[in-house]
Asker: 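Can you read through this structure? Questions will come right after.
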Amino acid sequence: MYTLKIEYDGAQHATALNEPHHNRVAIDCPFTGEGVEFSPASLFGISLASCMLLSMGAIAQRDGIDLKGTTVDIRFSGLDKTFPHVDSITLAFHVPQALSETEQQKLERAAALCPIRQSIDADTLVSTSFVYGAAAAA
């Protein structure tokens with residue numbers, strides 16, 4: 001059985017625990033806490049980006065495409081409001097390898113179909129960009 005727990009530690013800090021493996025993630029509030037750990041919004045962005053990247057990884061593994069070294073930059077808007085809301089998330093995928101157009105289309109389709117992406121309300125704009133051959137350009 002897969003169990004996650006989160007415990008409030010006080011002072012606007014919490015710790016999430018993945019019970020079977022004892023992995024921990026520290027979380028705090030950037031507005032009223034110290035703002036040095038992952039925030040709930042950053043975890044939301046990480047969840048989306050990692051789901052999309054792992055969906056791409058499933059296709060890459062199946063088709064023998066090398067995605068190793070791929071990174072995703074995550075940016076938010078709307079968190080600076082009095083009542084913060086993630087208005088938009090911008091994800092920029094940087095794939096080190098140059099890929100064919102067919103491979104790119106497969107990977108981008110897989111990313112768009114990830115379950116987390118499909119769960120985000122239409123009121124939150126999700127913008128994605130993909131740069132292939134990023135290692136060659138660097």
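All values reported here derive from a predicted model rather than from experimental measurement. This chain uses plain numbering: 1 for the first residue, then up along the sequence.
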Asker: So do the side chains of S129 and L91 get within less than 4.5 Å of each other, counting heavy atoms only?
Answerer: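 S129 does not reach L91 side chain to side chain.
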
Asker: List for me each residue that meets side-chain hydrogen bond (donor to acceptor under 3.5 Å, both in side chains) alongside Q104, sequence neighbours excluded, and say none if there are none.
Answerer: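 If we apply the side-chain hydrogen bond (donor to acceptor under 3.5 Å, both in side chains) test to Q104, skipping adjacent residues, there are no hits.
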
Asker: Sort and list the pairs that fulfil salt bridge (charged side-chain N to carboxylate O under 4.0 Å, His left out) and have at least one residue in residues 15-24, not counting sequence neighbours.
Answerer: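 Passing the test, one end in residues 15-24: K5-E19.
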
Asker: Taking only residues two or more places apart in sequence, or in another chain, which ones meet D63 in a salt bridge (Lys or Arg N to Asp or Glu O under 4.0 Å)?
Answerer: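 Listed in chain order: K106.
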
Asker: Quick one: pull up CD1 in I27 and OG1 in T15 and give me the separation to the nearest 0.5 Å.
Answerer: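 Between atom CD1 of I27 and atom OG1 of T15 there are 7.5 Å.
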
Asker: Is there a path of hydrophobic side-chain contacts, each under 4.5 Å between heavy atoms, that joins L53 and I65?
Answerer: yes

Asker: Measure the spacing between CG of D87 and CZ of F76 and express it to the nearest 0.5 Å.
Answerer: 12.0 Å

Asker: Any donor-acceptor pair under 3.5 Å linking the side chain of D28 with the backbone of Q12?
Answerer: no

Asker: For F93, give me all partners under ring-ring contact (aromatic ring centres under 6.0 Å, His included), at least two apart in sequence or on another chain.
Answerer: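 Scan of F93 (ring-ring contact (aromatic ring centres under 6.0 Å, His included), adjacent residues dropped) gives F130.
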
Asker: Are S88 and S77 close enough that a side-chain donor and a side-chain acceptor fall under 3.5 Å?
Answerer: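 Yes, because at least one side-chain N or O of S88 sits under 3.5 Å from a partner of the opposite role on S77.
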
Asker: Going through the distances and angles, do I59 and R109 end up as a side chain to side chain contact (heavy atoms under 4.5 Å, CB included)?
Answerer: CA-CA 10 Å; I59 298 303; R109 191 175 313 114; over 6 Å; no

Asker: Give every donor-acceptor pair under 3.5 Å between a side-chain atom in residues 113-120 and any protein atom, sequence neighbours left out.
Answerer:
unit_1, atom_1, unit_2, atom_2, d
Q118, NE2, A112, O, 2.6
S119, OG, P115, O, 2.8

Asker: Give the C-alpha distance, both sets of side-chain angles, the deciding distance and a yes or no for side chain to side chain contact (heavy atoms under 4.5 Å, CB included) between L107 and V95.
Answerer: CA-CA 11 Å; L107 295 173; V95 181; 5.7 Å; no

Asker: Is there any side chain to side chain donor-acceptor pair (under 3.5 Å) pair reaching into residues 34-53, and which pairs are they, with sequence neighbours excluded?
Answerer: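 Applying side chain to side chain donor-acceptor pair (under 3.5 Å) to every pair that reaches into residues 34-53, excluding sequence neighbours, yields S39-S42.
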
Asker: Please check if L54 and I46 belong to a single hydrophobic cluster, counting links between Ile, Leu, Val, Met, Phe, Trp and Tyr side chain heavy atoms closer than 4.5 Å.
Answerer: no

Asker: Is there a path of hydrophobic side-chain contacts, each under 4.5 Å between heavy atoms of I/L/V/M/F/W/Y residues, joining I89 to L43?
Answerer: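 L43 and I89: one cluster.
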
Asker: Is there a chain of hydrophobic side chains (I, L, V, M, F, W, Y, each step under 4.5 Å between heavy atoms) that links V131 to L99?
Answerer: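 They do not share one cluster, since no chain of ILVMFWY contacts under 4.5 Å joins V131 to L99.
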
Asker: Answer yes or no: does atom CZ of F44 have more than 12 heavy-atom neighbours from other residues, nucleotides or ligands under 6.0 Å?
Answerer: yes

Asker: Measure across M52 and A111 and return the closest heavy-atom pair with its distance rounded to 0.1 Å.
Answerer: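 In terms of heavy atoms, the two residues are closest at CG-O, 3.3 Å.
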
